Amino acid sequence: MATAHRPVSTVDTARAPGTARTSDREGTAGSMETAAPRDTAAARGTAATADTADATAADRAADAKAADQAADAATLQAAFNAAVAADERIEPRDWMPDAYRSTLVRQIAQHAHSEIIGMQPEANWITRAPSLRRKAILMAKVQDEAGHGLYLYSAAETLGASRDDLLDKLHSGRQKYSSIFNYPTLTWADVGAIGWLVDGAAITNQVPLCRCSYGPYARAMVRVCKEESFHQRQGYELLLALSRGTEAQHAMAQDAVDRWWWPSLMMFGPPDAESSHSEQSMTWKIKRHSNDELRQRFVDICVPQAESLGLTLPDPDLKWNEERGQHDFGAIDWSEFWSVLKGNGPCNEQRMTQRRRAHEEGAWVREAAAAHAARHSERERATGDSERAIENSERAAEDSEREEATA
Amino acid sequence: MTTHSASTSPSAATSAPASSTAAALPLGDDALVLSHRLGEWAGHAPVLEEEVALANIALDLLGQARVLLSLVGDEDELAYLREERAFRNVQLVEQPNGDFAHTIARQLYFSTYQHLMYGQLAASDSPLAPLAAKAVKEVAYHQDHAEQWTLRLGDGTAESHERMQRGLDALWRFTGELFEPVAGLDLDREALRERWTAMVTAVIGKATLTVPEGPQSGAWTAGAGREGLHTEPFGRMLAEMQHLHRSHPGASW
């Protein structure tokens, strides 16, 4: 667990997306994630030390005697519970239960991973986009997803996780991404279906997260949701153009909706009765609505939109239930969901292979940036007194070497 | 489907209003083609920040291409319905991405040229001046991005140094074309070449790399891209880019 070695109340590695991080080495590289693994570990150690010192000042309880600590822990827990109950935000420096921290790291990381894996099925169509306008929209969308990945990894970093570590967990299969991206984009209309349905489902899931109890995540989600709703409208508009286009275009749109509808419903996760993390997350106000509630909300939103699109949702059992004031819909094939989750989806292997390859093929670039940044910061530090002293002693050593050589 | 030969032929540049915007086609093609190549990086970049940066540059270029091509005709007809031989971009921008260093070398050469070219154009009385004035600001960022990466890779590790040098060397022979005359573009080409050489030389030197020594154009002909003569990878690039659009004649998207 990334947080295990961090002092619980101390973490504040928060940075605005795209700005430099706190340690010298990484800071000089600008917005680049430059550090090779060993450097990151070193930087993390430095940051942790700094944080510890910081926390000693900030957290007076740490100075108290051991006998007081149990009482303090209870006080902190009570303060945390009260803040959550009062709908206040928990911030990086606030005390929080370990399980709350680890749940958030897991959820935010999975969300970040979904953004970067989610780039693949759409990037698949950038080079074939059928008009320059659509190409610009699609490129901007895929770029936004990379940006969302950046905000979210940053939000996870405020909890003491590191991006490198989270990426390792993605690459080694220890952390997941949304299963929806294990489905292929077979035609241009899939780009529209992803925008309308997948982004639509994501928004339904994510809008409540803007009120999540953890501040940095909630704030990241506000920005993410604004952009996602833009994407959703663009997807809808793309499908509308196809639906009202030629016969072949209309068929392409219908086919895409037929393939993406059920997987989109699965995006809300298993039925409430089978959802393992839901209850605790609801208490913590990380999650505010159950999977089934959100799924129902999504279906109710989509039905009239499908009608406006002139497309059919592939569910013969889908109908308005006057009594409930909601739509009834057919049974979801959860065996497919679990099978895709376990790695048997059409694209699991392909997505992970491409992700790992991009990471591995980029290793030399990241190493170069780290080496350059390290050299650069060494030069800057060389103006400092202690560095000058080292330089002088090195020069003395060189001089003596030279003397030896000439002797 | 409308025909496109009239609007894309260089001879269309002979009439008075067209001649003033004749350069829009070659410059638009440069931006269109390089944008496409950069778009191929999506999902493959070495680090997340570069996913954002490369897409950003691609989007700027696509925006420029759309404005420029729209001065000539319908942007989609021009992009999707012309054959390879009707494109007027320089060969440099159509070169495949290669590794990240190769892409950065292409960016360094081209963005330095484009920055200087738009700078001159912005100060001229060309009808393209307003567009150039806007684009020059975007391209200043592209140039800076390429320069920073040339420095990092050149003065990074032994491997990155070697790769960066290889990229610079491989693309050097496509740089001569940047200074060939372009119909409708009244530039001080000598000044352009001098400043380009000075800037590129300075960056390469600072990056502890060596300015390539070979000729700046191939044996075949300098300026070939502007005449519609391209390299083999370009045809494949267009095949991919145009396939869907051409598969649905007359459809709108």
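Sequence lines set the chain letters: A, B, ... in the order given, protein chains first and strands last, and positions in each chain run from 1. Just so it is clear, the model here is predicted, and its values are computed rather than measured.
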Which one, A:R355, A:Q120, A:Q354, leads in non-hydrogen pairs under 4.5 Å with chain B? A:Q354
Could you tell me whether A:F230 atom CZ has more than 12 heavy atoms of other residues or ligands within 6.0 Å of it? no
Mind listing the closest non-hydrogen atom pair of B:T157 and A:A371 along with its distance? CG2-CB, 4.0 Å
Identify the two heavy atoms, one from A:I126 and one from B:G39, that lie closest to each other, and give their separation to 0.1 Å. CG2-O, 4.1 Å
How many angstroms lie between CG in B:L38 and CE in A:M139, if you round to the nearest 0.5 Å? 8.0 Å
When you measure from the side chain of B:R152 to the backbone N and O of A:A368, does any donor-acceptor pair fall under 3.5 Å? no
Mind checking the CH2-NE2 spacing from A:W188 to B:H243? Nearest 0.5 Å is all I need. 14.0 Å
Distance-only side-chain donor-acceptor flag, A:T127 / B:E240, under 3.5 Å: yes
Sort B:Y80 into side chain, backbone, both or neither according to what part of it lies under 4.5 angstrom from a heavy atom of chain A. side chain
If I measure from the heavy atoms of chain B, does A:S131 come under 4.5 Å with its side chain, its backbone, both, or neither? both
Greatest number of non-hydrogen atom pairs under 4.5 angstrom with chain B, of A:R244, A:R375, A:R357, falls to A:R375
Using modelled atom types only, decide if a donor and an acceptor are shared between the side chain of A:E361 and the backbone of B:F100 within a distance under 3.5 Å. no
Please state whether the side chain, the backbone, both or neither of B:A101 comes within less than 4.5 Å of a heavy atom of chain A. both
Considering only heavy atoms, which portion of A:L132 lies under 4.5 Å from any heavy atom of chain B: side chain, backbone, both, or neither? both
With side chains defined as the heavy atoms from C-beta onward, is the minimum distance between B:M241 and A:K135 less than 4.5 Å? yes
Given side chains that start at C-beta, do those of A:R133 and B:R66 come closer than 4.5 Å, heavy atoms only? yes
Quick check: closest heavy atoms across B:L59 and A:A140, and the distance to 0.1 Å? CD1-CA, 3.7 Å
Side chain, backbone, both or neither: which part of B:S35 has a non-hydrogen atom closer than 4.5 Å to chain A? both
B:L62 versus chain A, heavy atoms under 4.5 Å apart: side chain, backbone, both or neither? side chain
Interface check, chain B: of A:G149, A:G245, A:A136, most non-hydrogen pairs under 4.5 Å belong to A:A136
If you define the side chain from C-beta out and look only at heavy atoms, does anything of A:R134 sit under 4.5 Å from B:D76? no
Nearest-0.5 Å distance, NE2 of residue B:H161 to NE2 of residue A:H372: 12.5 Å
Relative to chain A, which segment of B:H248 carries a heavy atom at a distance below 4.5 Å: side chain, backbone, both, or neither? side chain
Of B:L32, B:L48, B:L69, B:L244, the largest count of non-hydrogen pairs under 4.5 angstrom with chain A goes to B:L48
Heavy-atom distances under 4.5 Å only: say whether B:A58 touches chain A with side chain, backbone, both or neither. both
Taking side chain as everything from C-beta outward and backbone as N, CA, C, O, which of these in B:L151 sits under 4.5 Å from a heavy atom of chain A? Side chain, backbone, both or neither. both
Roughly how far, to the nearest 0.5 Å, is NE2 of B:H44 from NE2 of A:H359? 15.5 Å
Quick check for you: among A:A146, A:A248, A:G362, A:A123, which has the greatest number of heavy-atom pairs under 4.5 Å with chain B? A:A146
SB check B:R163 A:E367 (cutoff 4.0 Å): no
